[in-house]
Amino acid sequence: MRYWLMKSEPDEASIDDLAHAPQHTLPWTGVRNYQARNFMRDTMQLGDGVLFYHSSCPEPGIAGLAEVSSTAYPDPTQFDAKSPYYDPKSKQEEPRWVLVDVVFKKKTPLVPLAALREHPELAQMRVLAKGNRLSITPVTSEEWRFILKRLM
DNA sequence: GCCAACGTTGGC
DNA sequence: GCCAACGTTGGC
């Protein structure tokens with residue numbers, strides 16, 4: 001059992017979109033970064049905890065909790081020429097990009113990025129590192145517990 | 001809109 | 001294999 005922070009632009013997929021999706025589940029499409037892909041492909045497991053983070057928006061921060069609800073499988077948007085995530089170099093026989101399904105658990109009061117920065121207990125979080133752009137980052141069980149108990 | 005930080009690409 | 005150029009991310 002592991003924990004993750006996954007970024008999403010609320011314009012594309014917000015915690016409310018996840019809550020209202022069929023089966024409260026969305027495929028995590030569009031990851032086009034090898035490190036983030038490798039996390040999904042190699043390390044994520046069914047039932048892993050997810051901090052659902054809103055990025056590139058007026059109030060960036062953790063907006064809710066979710067759970068990994070599938071193992072990794074090929075991201076169909078890589079083969080769709082009309083998709084913004086289309087990758088002409090990816091082949092059907094050898095898909096380059098994968099995704100996992102994520103299921104809604106709960107919406108929480110927003111934990112703003114600035115609030116995360118205030119706590120020394122969270123200083124090592126990848127998402128707080130200067131210049132961090134990785135859309136999926138590991139969260140330790142200590143960080144997870146601290147955020148749920150103290151910040152939500 | 002700005003800009004720092006980062007990842008990727010491609011020429012050599 | 002190096003590295004400059006470029007494109008993207010994402011907070012502010």
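Since this is a predicted model, take the numbers as computed values, not measurements.
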The nucleotide from dG7(B), dG10(C), dA4(B) with an atom nearest the side chain of K7(A) is dG10(C)
To the nearest Å, give me how far apart CG (D11(A)) and P (dG11(C)) are. 13 Å
Integer-rounded Å distance: dG11(C) P and N132(A) CG: 9 Å
Could you state the atom-to-atom distance from CD of E59(A) to P of dC12(C) in whole Å? 12 Å
Side-chain H-bond candidate by donor/acceptor type, W4(A) with D48(A), under 3.5 Å: yes
From CZ of R133(A) across to P of dA5(B) the rounded distance in Å is 12 Å
So, OP1 or OP2 of dT9(C): does either fall under 4.0 Å of a side-chain N or O from Y53(A)? no
From NZ of K89(A) over to C1' of dT9(B), roughly how many Å is that when rounded to an integer? 7 Å
Got a donor-acceptor contact below 3.5 angstrom from the H54(A) side chain to the G61(A) backbone? no
note: K130(A), atom NZ; dG10(C), atom P; distance rounded to Å ~ 17 Å
Closest to side chain of Q35(A), choosing from dG10(C), dG7(B), dC12(C): dG7(B)
Treat each ILVMFWY residue as a node, draw an edge where side-chain heavy atoms are under 4.5 Å apart, and state whether M40(A) and F79(A) are in one component. no
Please check: side-chain N/O of S90(A) versus main-chain N/O of R96(A), any donor-acceptor pairing under 3.5 Å? yes
From OH of Y34(A) over to P of dT9(C), roughly how many Å is that when rounded to an integer? 15 Å
I need the CZ-C1' distance between R32(A) and dT9(C), as an integer number of Å. 16 Å
